[in-house]
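See structure below.
Letters A, B, ... mirror the listed sequences (proteins, then strands); counts begin at 1.
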Amino acid sequence: MEHNLYIYNTLSRSKEQFIPLHNDRVGMYVCGPTVYSDVHLGNCRTFISFDVIYRYLIYLGYKVRYVRNITDAGHLEGDRDEGDDKFAKKAKLEQLEPMEIVQKYTVGFHEILSIFNTLPPSIEPTATGHISEQIEIVKQILDSGYGYEKAGTIYFDVEKYNKDFQYGILTNRKLEDLLEGTRELGGQDEKKGRLDFALWIKAKPETLMQWPSPWGWGFPGWHLECSAMSSKYLGKTFDIHGGGMDLQATHHTNEIAQSQACHHAAPVKYWMHTNMLTVNGVRMSKSAGNGFLPKELFTGSHPLLERGYSPMTVRFFMAQSHYRSTLDFSNEALQASEKGFSRLMEGYARLQKLNASAASSIETAGLRTKCEEAMNDDFNTPIVIAHLFDSLRAINLVHDGKETISTADLAELKAVYSAFIEDVLGLKSETEASAGSEAFKKAIDLLLNMRLEAKQNKDWATSDKIRNELTALGFEIKDTKDGFEWKI
RNA sequence: GGUUCGUUGGCCGAGUGGCUAGGCACCGGUCUGCAAAACCGUAUACGGCGGUUCGAAUCCGCCACGAACCUCCA
């Protein structure tokens, strides 16, 4: 199966035509969250970006197996390769079991992603559920000679690996440069090389999460789980591996080394990296204090926010930039997106009610092709949105009775709008839910019909009273040529 | 210090060797009892300096500024 889809591959630093390894099947692995705290908006951007990518691959007709892991063990603070991991630390802080921490934040993560209307992955494996697979990989790396043991901890021998393969292939770095740039670690360091990283870490008696292994009780290193789970579910070599750009230099670099050492094959054909969400040009992160939570965004309860913004406004805001560009957050930009999004969705709703004519006086054909071309060019969602806005003008003109559209063109336009707005971009209307029940709608229609009568009788006082009071209650009333439209 | 990337009109943000990105805001107009919405139209741009070219915001060089990564982070 071949489309004209081009994907920017971090490995080659260029756009390459996407040709899956197995005909119409695509394997995609995305690094998921470490569930020791709430996801902030920056984290969400990556998952929303890959959601759109996943959706478009499905649109093209691929059978996609989308694997996104949950990191629930092995992720340490700092690079010390010792002590408790993030879960144990947080567990102590909150006086909970580590698995209570994992459960709490996993549930929260799913809740948020569901609010953002992302599709669940095909498989969502956890690190703790794949301890034996990880131990197996450590064994194989030891067998192939790229690992060594020091007092119950197993390290990956980066310098040895680099003699046979290029260690920094993903970020185009030479080992000498990396060695120069690496900070000198403390004197207690037992690693052979400064770049060596732990595959399996020996547990102390008080370590909360530990498992038996051929090297005694311990727990897996952070990078290992992705190598284990991706190969288990997608094979030794698979199509797409994604994640945030910040994972490129260390996590993904080590993942490549592990998989190569274990399976004697490059694990991934296309590496994709999403860029960061920034605030005032600086990366959003918890440590910088500029990382706010989705819930704070929805309610506006964060010092950086003037007010709240809806989930779909945020999703639309993100889709208006390319996934490989940094996206700068600001109230002004969010407000612009809010208006743009609502205009687009109003047009989409209007499209459903349009009447067809015998012929089209406007050009709407070719929209699907244009949108596909944009998406085929490394998932260029901002261009798709630009094309949708171009057609929006046509929709409004037909709605106003200034232009006409044929039955066939109308059907195609509806199909394309639905496909790209809902299926590909994953946007959905937010007004319907709040509009409430049928009876409620009919009551409002009744009021507005009374206002229409008053208008026809030039009773402006009554007409304005109804409009003003409804407006005060949060309704938006729009007069049309021979009636009205309203929303909350 | 090394690696990578960016600098686009009031704001956000695409694109790219010659052809309107788009959204929001602004201004003028049409429509309307008024308003809103919608439509039409105008305007404002590619960090600086050189070079290549018939032609560069787009390619090359230098400079300035900024960011990310090299240390846990989507």
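- Residue A:Leu397 places its side chain closer to B:C39 than to any other of B:C39, B:A68, B:C72.
- Taking only side-chain atoms of A:Ala249, from C-beta outward, the nucleotide of B:A68, B:A14, B:C69 with the closest atom is B:C69.
- With C1' as the reference atom, B:A14 and B:U7 are 15 Å apart, rounded to whole Å.
- In the set B:G23, B:C11, B:A68, B:A68 carries the atom at the smallest distance from any side-chain atom of A:Arg283.
- Computed from coordinates, the A:Leu170 CG to B:C70 C1' distance equals 13 Å when rounded to whole Å.
- When A:Asp378, A:Thr274, A:Asn275 are each tested for a side chain to side chain donor-acceptor pair (under 3.5 Å) with A:Arg324, only one passes: A:Asp378.
- Residue A:Lys402 is the one, among A:Lys402 and A:Leu41, whose nearest nucleotide of RNA chain B lies closer to the 5' end (criterion: closest heavy atom).
- For the P atom pair drawn from B:C54 and B:G2, the interatomic distance equals 37 Å after rounding to whole Å.
- Note: A:Leu304 CG to A:Met284 CE = 7.5 Å, rounded to the nearest 0.5 Å.
- Between A:Pro98 and A:Ala88, the shortest heavy-atom distance links the atoms CG-CA, 4.5 Å.
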5' to 3', nucleotides 2-9 of chain B under a 4.0 Å protein heavy-atom cut-off (B base, S sugar-phosphate only, - none) gives BSS-----
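- Separation of the P atoms belonging to B:A25 and B:C11 is 16 Å when rounded to the nearest angstrom.
- For A:Ala336, whose side chain is taken as the heavy atoms from C-beta onward, the closest listed nucleotide among B:C12, B:G15, B:C24 is B:C24.
- Side-chain N/O atoms of A:Ser325 include one lying less than 4.0 angstrom from OP1 or OP2 on B:A14.
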Parsed dot-bracket for RNA chain B after applying the Watson-Crick and G-U rules with both distances under 3.5 Å and | for other-strand partners is (((((((..(((.....[...)))..((((.......)))).....(((((..]....))))))))))))....
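- A:His387 pairs in a side-chain contact (heavy atoms from CB on, under 4.5 Å) with only one of the listed residues (A:Lys370, A:Glu373, A:Arg368), which is A:Lys370.
- Between A:Leu334 and A:Asn331, every side-chain heavy-atom pair lies at or beyond the 4.5 Å cut-off.
- For the side-chain contact (heavy atoms from CB on, under 4.5 Å) criterion with A:Val64, the lone passing option out of A:Leu57, A:Ile240, A:Ile53 is A:Leu57.
- Contact annotation: A:Asn396 side-chain N/O to B:A38 OP1/OP2 distance is not under 4.0 Å.
- Between A:Phe50 and A:Phe379, the distance from one ring center to the other does not fall under 6.0 angstrom.
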Extract from the structure each pairing of a protein N or O with an N or O of nucleotides 58-61 of chain B at less than 3.5 Å, listing the distance.
none

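- Between A:Phe317 and A:Ser285, the residue anchored nearer the 5' end of RNA chain B, judged by the nucleotide with its closest heavy atom, is A:Phe317.
- Applying the 4.0 Å criterion to OP1 and OP2 of B:G23, one finds that A:Lys339 has every side-chain N and O outside that range.
- Within 4.0 Å (heavy atoms only), A:His40 reaches at least one base atom of the nucleic acid.
- The side-chain hydrogen bond (donor to acceptor under 3.5 Å, both in side chains) search around A:Ser391 returns none, not counting sequence neighbours.
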Find every protein N or O atom lying less than 3.5 Å from an N or O atom of nucleotides 33-37 of chain B, and list the pairs.
from: B:G33; atom 1: O6; to: A:Ser463; atom 2: OG; distance (Å): 3.1
from: B:G33; atom 1: N1; to: A:Asp464; atom 2: OD1; distance (Å): 3.0
from: B:G33; atom 1: N2; to: A:Asp464; atom 2: OD2; distance (Å): 2.8
from: B:C34; atom 1: O2; to: A:Arg467; atom 2: NH2; distance (Å): 2.9
from: B:C34; atom 1: N3; to: A:Arg467; atom 2: NH1; distance (Å): 3.0
from: B:C34; atom 1: N3; to: A:Arg467; atom 2: NH2; distance (Å): 3.2
from: B:C34; atom 1: N4; to: A:Arg467; atom 2: NH1; distance (Å): 3.4
from: B:C34; atom 1: N4; to: A:Asp479; atom 2: OD2; distance (Å): 3.2
from: B:A35; atom 1: N6; to: A:Asp479; atom 2: OD2; distance (Å): 3.1
from: B:A35; atom 1: N1; to: A:Arg467; atom 2: NH1; distance (Å): 3.4
from: B:A35; atom 1: N3; to: A:Arg467; atom 2: NH1; distance (Å): 2.8
from: B:A36; atom 1: N1; to: A:Asp479; atom 2: O; distance (Å): 3.1

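- Closest approach to the A:Gln320 side chain among B:C69, B:G15, B:G23 is made by B:G23 (side chain taken as heavy atoms from C-beta onward).
- Using the six-membered ring where Trp is involved, A:Phe197 and A:Phe156 have ring planes that are parallel, under 30° apart on the 30 and 60° scheme.
- Between the P atoms of B:C59 and B:A67, the separation comes to 24 Å (whole Å).
- Between A:Phe116 and A:Phe298, the two ring planes are perpendicular [angle over 60°; tilted spans 30° to 60°].
- Relative to the ring axis of A:Tyr105, A:Lys86 does not place its NZ or CZ within 45° and under 6.0 Å from the centre.
- A:Ala386 comes within contact range of at least one nucleobase, with a heavy-atom separation under 4.0 Å.
- We find that CD1 of A:Ile385 is positioned 13 Å from P of B:G15, with the value rounded to whole Å.
- A:Asn331 places its CG atom 16 Å from the P atom of B:A25, with the value rounded to the nearest Å.
- Between B:U52 and B:G61, the distance separating the two P atoms is 15 Å to the nearest Å.
- Using cut-offs of 30° and 60° for the angle between ring planes, the A:Tyr233 and A:His130 rings count as perpendicular.
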Heavy-atom contacts, protein to nucleotides 41-47 of chain B, under 4.0 Å, summarised as B (base), S (sugar-phosphate only) or - (none) per nt, yield -------
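- Between A:Met209 and A:Ala73, the shortest heavy-atom contact is CE-CB, 4.2 Å.
- In this structure, the CG atom of A:Asn254 is 16 Å from the P atom of B:C69, given to the nearest Å.
- No close placement of the A:Phe317 and A:Tyr309 rings is indicated, their centers lying 6.0 Å or farther apart.
- Comparing the C1' positions of B:G47 and B:G6 gives a spacing of 11 Å, expressed to the nearest Å.
- A:Phe379 has its CZ atom 16 Å from the P atom of B:A14, to the nearest Å.
- Atom pair A:Phe389:CZ and B:C39:P shows a separation of 11 Å (rounding to whole Å applied).
- Out of B:A74, B:A14, B:C12, the shortest distance to the side chain of A:Asn380 is found at B:A14.
- The cationic atom of A:Arg68 (NZ for Lys, CZ for Arg) lies less than 6.0 Å from the six-membered ring centre of A:Phe47 and within 45° of the ring axis.
- The gap from the C1' atom of B:U44 to that of B:U20 amounts to 14 Å, rounded to the nearest Å.
- Side chain of A:Pro382, nearest nucleotide from B:G23, B:A21, B:A74: B:A21.
- As a whole-Å value, the separation of A:Phe420 CZ from B:G22 C1' is 16 Å.
- Across all strands, A:Met245 comes closer than 4.0 Å to no nucleic acid atom at all (heavy-atom distances).
- Ring geometry for A:His252 versus A:His273: interplanar angle of 30 to 60°, hence tilted.
- Atom P of nucleotide B:U20 and atom CD of A:Glu363 are separated by 17 Å, given to the nearest angstrom.
- One P atom belongs to B:G55, the other to B:C70, and the distance between them is 45 Å to the nearest Å.
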